[in-house]
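Here the structure is laid out as structure tokens; the discussion comes afterwards.
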Amino acid sequence: MLIDLGDLQIRSWRKADLAALVRHANNPKIAANLRDQFPHPYSRRDGIEYLSFVRDQRPERNFALQYDNEAIGGLGFQLGIDISRVTAEMGYWVSESFWGRGFASRAARALSEWAFDEYKLTRVFALVFSHNLASVRVLEKAGFQCEGLMRRSAIKNGVVLDQLLYAKLI
Ligand SMILES: CC(C)(COP(=O)(O)OP(=O)(O)OC[C@H]1O[C@@H](n2cnc3c(N)ncnc32)[C@H](O)[C@@H]1OP(=O)(O)O)[C@@H](O)C(=O)NCCC(=O)NCCS
């Protein structure tokens, strides 16, 4: 898979991404805003297991964000099942070294648009901790609309949190 955005690419993960993946993912500020399945510290063993997992997925659901020939982040989907099979949840992260350059917004817009046709969806949604203002901004810039506040719907690092529900439709 390849979505070419000029200076940025969204593409399939490769085994050769291991060192870059571990270097960029091993950051508590990133893990703090993601699900617990994204570990911290992020070890070489975590990277090996993740790359093996995503490379076996069919359909492919997790992708690397590439800049200057290096994987500097990731984006992916959880596909809905049964009556929710026309929906998918999208998640993403970008290495702190590249924050504030518009990369996540551009990638989230392009990948969400790609997903509608690829997975035959009517809706792509994202859940974001209500304090994660950078990610809220990413979703707004990527064409998502806020549908509501899911109060006390998550627990992260022992703290119960509210999540905002954002969605994009076709
Ligand atoms: C959220 C994240 C993906 C943003 O990546 P990014 O490439 O820096 O995002 P962009 O540059 O496209 O956009 C960030 C926007 O948030 C804004 N922003 C950043 N920090 C902010 C803050 N504390 N308050 C308000 N806005 C903020 C930026 O100004 C920018 O908006 P602008 O273009 O209107 O100025 C990145 O910070 C990250 O990986 N965080 C950890 C993981 C995570 O939160 N993932 C999303 C889970 S829902």
Side-chain angles (χ1 to χ4, degrees), residues 3-11 13 17-43 46-47 50-51 53-54 61-80 87-115 121 123-169:
I3 301 173
D4 193 349
L5 301 174
D7 56 338
L8 274 185
Q9 292 82 35
I10 303 167
R11 58 147 174 90
W13 283 103
D17 291 325
L18 178 62
L21 168 62
V22 174
R23 185 166 67 254
H24 295 300
N26 187 30
N27 181 341
K29 293 186 208 163
I30 291 179
N33 281 300
L34 297 175
R35 304 258 156 101
D36 287 348
Q37 68 191 34
F38 190 100
H40 187 76
Y42 199 108
S43 68
D46 292 323
Y50 179 73
L51 291 177
F53 168 69
V54 297
R61 296 187 293 279
N62 289 279
F63 308 98
L65 180 66
Q66 174 175 282
Y67 177 74
D68 214 4
N69 252 351
E70 181 174 329
I72 60 148
L75 300 99
F77 296 98
Q78 285 192 8
L79 303 182
T87 78
E89 179 182 359
M90 191 175 75
Y92 46 83
W93 63 274
V94 170
S95 168
E96 187 175 2
S97 318
F98 298 90
W99 286 358
R101 296 169 65 166
F103 287 0
S105 306
R106 288 168 58 203
R109 175 176 283 278
L111 189 66
S112 56
E113 283 164 12
W114 173 87
L121 304 176
R123 168 186 174 89
V124 176
F125 69 96
L127 294 173
V128 49
F129 296 146
S130 58
H131 63 248
N132 190 353
L133 300 180
S135 188
V136 163
R137 188 76 193 114
V138 165
L139 291 166
E140 287 173 349
K141 288 200 290 178
F144 287 69
Q145 289 183 347
C146 186
E147 294 187 337
L149 179 67
M150 298 166 57
R151 294 178 297 165
R152 296 175 65 77
S153 58
I155 183 161
K156 185 71 191 184
N157 296 333
V159 181
V160 174
L161 297 170
D162 298 342
Q163 295 181 98
L164 288 161
L165 171 61
Y166 271 81
K168 184 170 177 176
L169 314 177

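For this chain, numbers begin at 1 and follow the sequence in order. Order of appearance sets the numbers: ligands from 1, and atoms from 1 within every ligand. These numbers were taken from a predicted model, which means no experiment stands behind them.
Between Asn33 and Trp93, every side-chain heavy-atom pair lies at or beyond the 4.5 Å cut-off. Using a 4.5 Å heavy-atom cutoff, the side chains of Leu65 and Tyr92 are not in contact. Considering only heavy atoms from C-beta on, Phe125 stays 4.5 Å or farther from Glu147 through its side chain.
Side chain of Lys168 to backbone of Glu113: no donor-acceptor contact under 3.5 angstrom is found. Side chain of Arg109 to backbone of Lys141: a donor-acceptor contact under 3.5 angstrom is found.
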With the criterion set at N/O pairs under 3.5 Å, what does the list of contacts between the protein and ligand 1 look like, atom names and distances included?
from, atom 1, to, atom 2, distance (Å)
ligand 1, 7 (O), Ala104, N, 3.1
ligand 1, 8 (O), Gly100, N, 2.7
ligand 1, 11 (O), Arg101, N, 3.4
ligand 1, 11 (O), Gly102, N, 2.7
ligand 1, 12 (O), Ser105, N, 3.0
ligand 1, 12 (O), Ser105, OG, 2.5
ligand 1, 33 (O), Lys141, NZ, 2.4
ligand 1, 34 (O), Arg137, NE, 2.7
ligand 1, 34 (O), Arg137, NH2, 3.2
ligand 1, 37 (O), Trp99, NE1, 3.4
ligand 1, 39 (O), Val94, N, 2.9
ligand 1, 39 (O), Val94, O, 3.3
ligand 1, 44 (O), Asn132, ND2, 2.8
ligand 1, 45 (N), Tyr92, O, 2.8

Please tabulate, for side-chain N and O atoms in residues 17-27, each donor-acceptor pair with protein atoms closer than 3.5 Å (sequence neighbours left out).
from, atom 1, to, atom 2, distance (Å)
Asp17, OD1, Arg11, NH2, 2.8
Asp17, OD2, Arg11, NH1, 2.9
Asp17, OD2, Arg14, N, 2.7
Arg23, NH2, Glu70, OE2, 2.6
His24, ND1, Ser95, OG, 2.8
His24, NE2, Glu70, OE2, 2.5
Asn26, OD1, Tyr42, N, 2.9
Asn27, OD1, Lys29, N, 2.8
Asn27, ND2, Glu96, OE1, 2.8

